[in-house]
Amino acid sequence: MNKVILNPKRDYSVAHHHPWVFSGAIRSVEGAPGIGDLVSVEDCRGQRLGWGCYSPVSQIRVRMLAFGDCAAPDAAYVSGLISASVGRRANFWVEGRTNGFRLVHGESDGLPGVVVDYYDGWCVVQLSSAGAERWKDVIVQALMTAVPGCRGVYNRSDVDGRAREGLPVEGTTGLLAGEEPPEFIEIHEDAIRYLVDVRKGHKTGFYLDQREARAVVGSFANGADVLNCFCYTGGFGLAARAAGALSVTQLDISEPALALARRNAELDHLCGTACDYVAADVFKQLRLYRDQGRKFDMIVLDPPKFADTKGQLMRATRGYKDINLLAMKLLNPNGILATFSCSGAMSTELFDTVCREAAFDAKRDFQILTRTRQAVDHPVSLAFPEGLYLKGLVLRAVS
């Protein structure tokens with residue numbers, strides 16, 4: 001049996017059900033576990049703390065699958081975790097307000113490195129850890145069985161995090177089971193419809209985690225001229241327009257993303273001449289608007305992740321400050337800034353500080369109207385605070 005023995009005083013987090021074991025916490029490894037192999041995790045006295053999957057090259061050397069002095073997890077155990085996670089989202093099918101939502105949210109659902117998003121009958125998976133890859137076939141079969149009316153499972157494991165686990169990134173997309181998805185899958189959030197490209201789109205195709213934030217932004221958008229930065233396929237802009245925004249400028253560097261944003265607007269009969277589409281680098285375009293004296297009643301900043309690790313945090317902090325400073329200068333009096341960070345390495349407190357310093361440099365005062373976080377189908381385990389990666393602030397300019 002493969003074992004990982006922890007150093008004295010380094011077992012507290014695992015004993016309290018934190019799912020990561022870092023390399024520095026390990027005193028010794030018994031046996032010869034390979035990538036993704038199950039290991040028994042024990043304290044320095046030989047007491048079993050649980051079972052996890054081993055990654056010999058990752059800084060996170062073990063990702064826990066089960067806690068306590070229990071039997072080793074098997075295929076039935078992993079299938080049960082999938083079924084339980086899907087069951088916790090049963091209300092989405094019952095309520096019918098959306099047909100696009102997350103079914104499995106990694107560590108917070110007890111499945112480290114496993115993300116599964118549901119789009120109108122298709123499950124799209126991202127497997128970013130050694131253990132997730134090891135159990136891939138079990139996970140796929142469990143989804144086909146547990147998800148009501150599942151039409152197919154599609155792989156989108158083309159994520160950089162796999163390289164840190166010693167896993168290949170190439171060749172990690174394609175159909176795993178069932179039917180091929182169409183070129184675009186149509187989903188809806190209440191009355192707003194979106195086309196999702198699960199093959200080439202960001203993440204698994206759409207930013208499901210911002211569902212509730214889109215509704216919040218819409219609640220402040222009536223009568224506003226809105227600038228939606230890093231708009232991707234137009235989500236925040238369409239939510240604002242549906243709520244009564246006078247105009248929406250969709251800004252993104254990607255021409256294909258903007259083309260799909262146009263199609264989404266046409267699908268919903270929302271924009272017409274009230275929407276403008278600008279393909280440009282957001283930082284440069286905001287400086288251009290500043291120099292032109294352009295102003296907006298609402299600006300949405302939903303940039304991509306600026307920091308994957310704590311080592312990248314300093315550079316990311318500068319980027320977040322710059323983008324917020326530029327936006328703050330473009331707001332009309334009483335204008336609304338909805339600003340977000342999806343960088344897990346950036347804490348809520350640090351993001352507040354960044355925005356506060358940007359406001360100081362912009363020589364403007366702001367009120368916090370509300371905060372947002374990832375949607376409820378992206379839960380955060382109490383034992384795994386790192387699961388809270390998405391932070392949002394809705395601010396009003398009062399001077």
Side-chain angles (χ1 to χ4, degrees), residues 82 85-86 89-90 92-105 114-128 132 136-137 139-159 169-211 214 231-239 241-242 250 252 254-271 275 277 279 304 375 377-378:
I82 292 288
S85 188
V86 170
R89 275 75 170 183
F92 281 91
W93 281 284
V94 173
E95 293 173 358
R97 296 186 61 184
T98 182
N99 59 346
F101 47 91
R102 179 150 293 185
L103 290 176
V104 181
H105 188 52
V114 180
V115 163
V116 183
D117 287 337
Y118 175 85
Y119 298 106
D120 193 30
W122 278 272
C123 295
V124 183
V125 302
Q126 283 190 340
L127 308 174
S128 59
K136 179 172 71 175
D137 292 343
I139 291 166
V140 171
Q141 185 55 52
L143 289 169
M144 291 294 293
T145 302
V147 176
C150 184
R151 300 180 64 179
V153 180
Y154 194 84
N155 195 5
R156 276 299 307 274
S157 297
D158 50 336
V159 291
V169 179
E170 299 297 322
T172 55
T173 63
L175 187 67
L176 295 173
E179 305 173 25
E180 279 277 358
E183 181 182 7
F184 297 105
I185 301 174
E186 183 180 312
I187 66 169
H188 65 86
E189 291 177 0
D190 291 321
I192 304 176
R193 295 177 293 171
Y194 303 96
L195 298 174
V196 178
D197 182 354
V198 300
R199 291 176 177 83
K200 300 177 183 177
H202 296 180
K203 302 177 78 173
T204 63
F206 195 68
Y207 289 95
L208 296 172
D209 52 4
Q210 289 282 37
R211 182 189 315 108
R214 283 187 283 272
C231 73
Y232 185 44
T233 58
F236 278 108
L238 289 177
R241 180 64 180 150
Q250 305 273 35
D252 200 280
S254 169
E255 289 276 14
L258 286 173
L260 193 49
R262 288 178 184 270
R263 289 191 61 178
N264 285 334
E266 293 166 359
L267 183 69
D268 288 298
H269 307 290
L270 279 176
C271 285
C275 277
Y277 302 87
D377 47 330
H378 298 61

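All values reported here derive from a predicted model rather than from experimental measurement. The first residue in the sequence is number 1, and the count goes up from there. Just so you know, these numbers use all the heavy atoms, side chains as well, and skip hydrogens, waters and symmetry mates.
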Given Val125 and Val153, is the side chain to side chain contact (heavy atoms under 4.5 Å, CB included) satisfied, shown in steps?
CA-CA 7 Å; Val125 302; Val153 180; 3.8 Å; yes
Pair Lys203 + Asp209, salt bridge at N-O below 4.0 Å:
yes
Just verifying a value: how many Å separate Leu258 CG and Tyr277 OH, rounded to the nearest 0.5 Å?
8.5 Å
Here the pair of heavy atoms bringing Ala191 nearest to Asp268 is O-OD1, 3.8 Å
Could you check His105 against Asp377 for side chain to side chain contact (heavy atoms under 4.5 Å, CB included), going step by step and ending with a plain yes or no?
CA-CA 8 Å; His105 188 52; Asp377 47 330; over 6 Å; no
Close side-chain approach of Gln141 and Thr145, heavy atoms under 4.5 Å:
yes
Does a side-chain N-to-carboxylate-O contact under 4.0 Å join Asp190 and Arg97?
yes
Is the backbone of Val198 close enough, under 3.5 Å, to the side chain of Arg156 for a donor and an acceptor to pair up by distance?
yes
Under 3.5 Å, is there a donor-acceptor pair between the side chain of Asn99 and the main chain of Asp120?
no
Could you check whether any side-chain N or O of Trp122 sits under 3.5 Å from a backbone N or O of Ile185, counting only pairs where one atom can act as donor and the other as acceptor?
no
Could you pull out the closest heavy-atom pair between Ala242 and Leu270, with the gap in Å?
CA-CD2, 3.9 Å
Please report the closest heavy-atom contact between Val140 and Ala177, naming both atoms and the distance.
CG1-CB, 3.6 Å
CD1 on Ile139 to SG on Cys123, rounded to 0.5 Å:
12.0 Å
Are the side chains of Val116 and Leu143 in contact, using a 4.5 Å heavy-atom criterion?
yes
Once you round to the nearest 0.5 Å, how far does NE2 of His188 lie from CD1 of Ile192?
12.0 Å
So how far is it from Thr233 OG1 to Leu260 CG, rounded to the nearest 0.5 Å?
5.0 Å
Under 3.5 Å, is there a donor-acceptor pair between the side chain of Ser85 and the main chain of Ile82?
no
Is the side chain of Arg102 donor-acceptor paired with the backbone N or O of Tyr118 at a distance under 3.5 Å, no angle test?
no
Flag for Ser254-Asp252: side-chain donor and acceptor within less than 3.5 Å:
no
Could you go through Glu183 and Leu195, starting from their C-alpha distance and side-chain angles, then the distance that decides it, and tell me whether this counts as side chain to side chain contact (heavy atoms under 4.5 Å, CB included)?
CA-CA 9 Å; Glu183 181 182 7; Leu195 298 174; over 6 Å; no
I'd like to know if the side chain of Arg151 and the backbone of Gly178 have a donor-acceptor N/O pair within less than 3.5 Å.
no
Looking only at heavy atoms, what is the nearest atom pair of Tyr194 and Gly235, with distance?
OH-O, 3.5 Å
Where Ala146 and Val86 come nearest, the two heavy atoms and their spacing
O-CG1, 3.7 Å
N/O donor-acceptor pair under 3.5 Å between Asp158 side chain and Thr173 backbone
no
Please find the pair of heavy atoms, one from Leu208 and one from Gly100, that lie closest to each other, and give the distance.
CD2-O, 3.5 Å
Would you check if the distance from the ring center of Tyr232 to the ring center of His202 is below 6.0 Å?
yes
To the closest 0.5 Å, what do you measure between CG (Leu127) and CG (Asn155)?
5.5 Å
Measure the OG-CD distance between Ser157 and Gln126 for me, rounded to the nearest 0.5 Å.
6.5 Å
Lys/Arg-Asp/Glu bridge criterion (N-O < 4.0 Å) met for Arg199, Glu180
yes
Under 3.5 Å: donor-acceptor pair, side chain of Arg89, backbone of Leu103:
yes
I'd like to know if the side chain of Arg241 and the backbone of Phe236 have a donor-acceptor N/O pair within less than 3.5 Å.
no
Would you confirm whether the ring centroid of Tyr119 sits within less than 6.0 angstrom of the ring centroid of Phe206?
no
